[in-house]
Amino acid sequence: AVTDDFVEKLAQVKSGVYKRIDSGETQVGIGAQSLAAVLPEATKLDENGLMSVAYGQAAMVSAVELAKQIVELKKEIEALKKGI
């Protein structure tokens, strides 16, 4: 479930360049274990115990939650402008 502090927690998810264990291919991405602490529903564990990220799901939820925060920030900025 997405919590009120989702965006703050999302900002702490580890990201970077990594080498895939299964193919040896170098890619960019996020740490599945790190994401699992924030959005476990967007991670999965395979039969070998390797955790991976469902990137489409993680991206969509993150985009929606960020959009909500932007809308709220815009409202606050407008209220502050009117108060000046």
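All residue numbers refer to positions in the sequence shown, counting from 1.
The environment of Met60 atom CE is sparse: at most 12 non-hydrogen atoms of other residues, nucleotides or ligands sit within 6.0 angstrom. Atom CD1 of Ile21 is surrounded by 12 or fewer heavy atoms from other residues, nucleotides or ligands within 6.0 Å.
With rounding to the nearest 0.5 Å, the separation of CG in Leu73 from CD in Glu78 is 12.0 Å. Here CG of Asp4 is found 10.0 Å from NZ of Lys9. Values are rounded to the nearest 0.5 Å. Distance CG/Leu35 to NZ/Lys14: 13.0 Å, rounded to 0.5 Å. Note: Ser62 OG to Ile30 CD1 = 7.0 Å, rounded to the nearest 0.5 Å.
With a 4.5 Å cut-off on side-chain heavy atoms, Phe6 and Val61 count as touching. Put simply, the side chain of Gln33 reaches to within 4.5 Å of the side chain of Met51, judged on heavy atoms. A heavy-atom distance below 4.5 Å is found between the side chains of Thr26 and Val17. Considering only heavy atoms from C-beta on, Glu8 comes within 4.5 Å of Asp5 through its side chain.
With salt bridges taken as basic N to acidic carboxylate O contacts below 4.0 Å, one links Lys75 and Glu72.
Val64 and Val7 are assigned to two separate hydrophobic clusters, defined by single-linkage of ILVMFWY side chains at heavy-atom distances under 4.5 Å. The same ILVMFWY cluster, assembled from side-chain heavy atoms under 4.5 Å apart, contains both Leu66 and Leu39.
Residue Gln57 comes nearest to Glu41 through the heavy atom pair OE1-O, 3.4 Å, listed as atom of the first residue, atom of the second, then distance.
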